[in-house]
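Note: hydrogens, waters and symmetry copies are ignored here, and every other heavy atom, side chains too, is used.
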Amino acid sequence: MSYKEFSYFYDYFNYNADYDALFEKILELAKEGGVKNGIVCDLGCGTGELAFRFNDAGFDVIAVDYSDEMLDVLFDKRDELEAYEIQILKQDITQLDMFGTVDLFTCTFDTVNHLEGAGAVQQLFDKVSLFMEPKGVFIFDMNTRYKHENILKNEVFDFIDEEADCHWQNTLFADDYKTKISITINDKHAGKEYSEEFFEYYYDLETVLEMLNKSGLKVEKLIDGETFAEINEETQRYLFMVKKEQENG
């Protein structure tokens, strides 16, 4: 799944996201895992907010997304900031094909939940394991089962603003561990309305740990992705820091 028309309004309606706090926490976790610099690959990079911060911090940045619309916004922002050293790739992250290995992989803002089922998530983990440096780090987040079944569930959210309105409706399919998200955007300047639908998939923590283990990845740290505190039964977003399992001998 990839965003379409909503991509052009993503930053506009995501203004409450604290990119700086997330970036600082990712840097802290990366350093804790032994990565202080080098190559970072941001998977499902969207409009590039984290990619640009990594670039400013001195990393060699590869930004990967599969949405043409998201990449259009990203290229425009890169031109505006003249951050031409950032390498931008259009790829399905479950079919990742890198030119070499990477020191740090990141995948945030529930990108993993957007993959179409457990098989796709497993493919992502396999690709990350394949292209990650032996002492590299993978930091990613996931919306939890608790969030989908207790917070998102069948709720409706309306965002009203001067330039555009957004109507966001969730439909929970609890037996299938997924939520259908229906978005309608009213672009007041263009006088047009756009609609799209997609699913988010969610998993029990034990299932995610099993998938990571199959890919040879070990969780070094797991925290609440919103508070950065310890996880609990009401955690809405997990934030993982994982590394490759090291072979003995």
Using modelled atom types only, decide if a donor and an acceptor are shared between the side chain of [X] and the backbone of [Y] within a distance under 3.5 Å.
{"X": "Asn113", "Y": "Tyr201", "answer": "yes"}
{"X": "Lys243", "Y": "Gly33", "answer": "yes"}
{"X": "Asp141", "Y": "Phe109", "answer": "yes"}
{"X": "Ser129", "Y": "Asp126", "answer": "no"}

Cluster overlap [X] with [Y], hydrophobic side-chain contacts below 4.5 Å:
{"X": "Tyr146", "Y": "Phe173", "value": "no"}
{"X": "Met142", "Y": "Leu152", "value": "no"}
{"X": "Ile151", "Y": "Phe157", "value": "no"}
{"X": "Tyr177", "Y": "Leu205", "value": "no"}
{"X": "Tyr202", "Y": "Leu222", "value": "no"}

Do [X] and [Y] make a side-chain contact, defined as non-hydrogen atoms from C-beta onward lying under 4.5 Å apart?
{"X": "Leu29", "Y": "Leu239", "value": "yes"}
{"X": "Asn154", "Y": "Thr171", "value": "yes"}
{"X": "Phe54", "Y": "Ile86", "value": "no"}
{"X": "Leu96", "Y": "Phe105", "value": "yes"}
{"X": "Leu115", "Y": "Ile93", "value": "yes"}
{"X": "Leu74", "Y": "Thr47", "value": "no"}
{"X": "Leu27", "Y": "Phe59", "value": "yes"}
{"X": "Val61", "Y": "Asp42", "value": "no"}

For [X], look at atom [atom1] and say whether over 12 heavy atoms of other residues, nucleotides or ligands are found less than 6.0 Å away.
{"X": "Asp204", "atom1": "CG", "value": "yes"}
{"X": "Lys36", "atom1": "NZ", "value": "no"}
{"X": "Lys188", "atom1": "NZ", "value": "yes"}
{"X": "Tyr84", "atom1": "OH", "value": "yes"}

Worked verdict on Tyr66 versus Thr94 for side-chain contact (heavy atoms from CB on, under 4.5 Å): CA-CA 10 Å; Tyr66 197 58; Thr94 69; over 6 Å; no
Does a donor on one side chain and an acceptor on the other come within less than 3.5 Å for [X] and [Y]?
{"X": "Thr144", "Y": "Gln236", "answer": "no"}
{"X": "Ser215", "Y": "Gln122", "answer": "yes"}
{"X": "Glu200", "Y": "Thr179", "answer": "no"}
{"X": "Ser67", "Y": "Asp65", "answer": "no"}

Between Leu43 and Phe140, is the side-chain contact (heavy atoms from CB on, under 4.5 Å) condition met? List the steps. CA-CA 9 Å; Leu43 302 170; Phe140 70 99; over 6 Å; no
Rounded distance [0.5 Å steps], [atom1] in [X] versus [atom2] in [Y]:
{"X": "Glu24", "Y": "Ile26", "atom1": "CD", "atom2": "CD1", "result": "10.0 Å"}
{"X": "Asp224", "Y": "Glu234", "atom1": "CG", "atom2": "CD", "result": "10.5 Å"}
{"X": "Asn186", "Y": "His167", "atom1": "CG", "atom2": "NE2", "result": "12.0 Å"}
{"X": "Ile181", "Y": "Leu172", "atom1": "CD1", "atom2": "CG", "result": "11.0 Å"}
{"X": "Leu104", "Y": "Met132", "atom1": "CG", "atom2": "CE", "result": "9.0 Å"}
{"X": "Phe75", "Y": "Ile88", "atom1": "CZ", "atom2": "CD1", "result": "4.0 Å"}

Using the six-membered ring wherever Trp is involved, compare the ring planes of [X] and [Y] and label them parallel, tilted or perpendicular (cut-offs 30° and 60°).
{"X": "Tyr238", "Y": "Phe240", "result": "perpendicular"}
{"X": "Phe198", "Y": "Trp168", "result": "perpendicular"}
{"X": "Phe138", "Y": "Phe125", "result": "perpendicular"}

How far apart are the closest heavy atoms of [X] and [Y], and which atoms are they?
{"X": "Tyr203", "Y": "Ala118", "result": "OH-N, 3.2 Å"}
{"X": "Thr184", "Y": "Ser195", "result": "OG1-OG, 3.3 Å"}
{"X": "Thr235", "Y": "Glu230", "result": "OG1-O, 4.5 Å"}
{"X": "Lys244", "Y": "Pro134", "result": "CB-O, 4.0 Å"}

side-chain contact (heavy atoms from CB on, under 4.5 Å) for Val35 and Glu133? Distances and angles first, verdict last. CA-CA 10 Å; Val35 175; Glu133 278 285 312; over 6 Å; no
Is any side-chain N of the basic residue among Glu49 and Arg53 closer than 4.0 Å to the acidic one's carboxylate O? yes
Below 4.0 angstrom, N of the basic side chain to O of the carboxylate: do Lys77 and Glu80 qualify? no
Using the rule given for side-chain contact (heavy atoms from CB on, under 4.5 Å), can you reason through Val64 versus Cys45, listing the C-alpha separation, both sets of side-chain angles and the distance that settles it, and then say yes or no? CA-CA 6 Å; Val64 181; Cys45 62; 5.6 Å; no
Where do Asp97 and Gln91 land on the side-chain hydrogen bond (donor to acceptor under 3.5 Å, both in side chains) test, with the steps shown first? CA-CA 8 Å; Asp97 188 13; Gln91 288 192 16; 5.8 Å; no
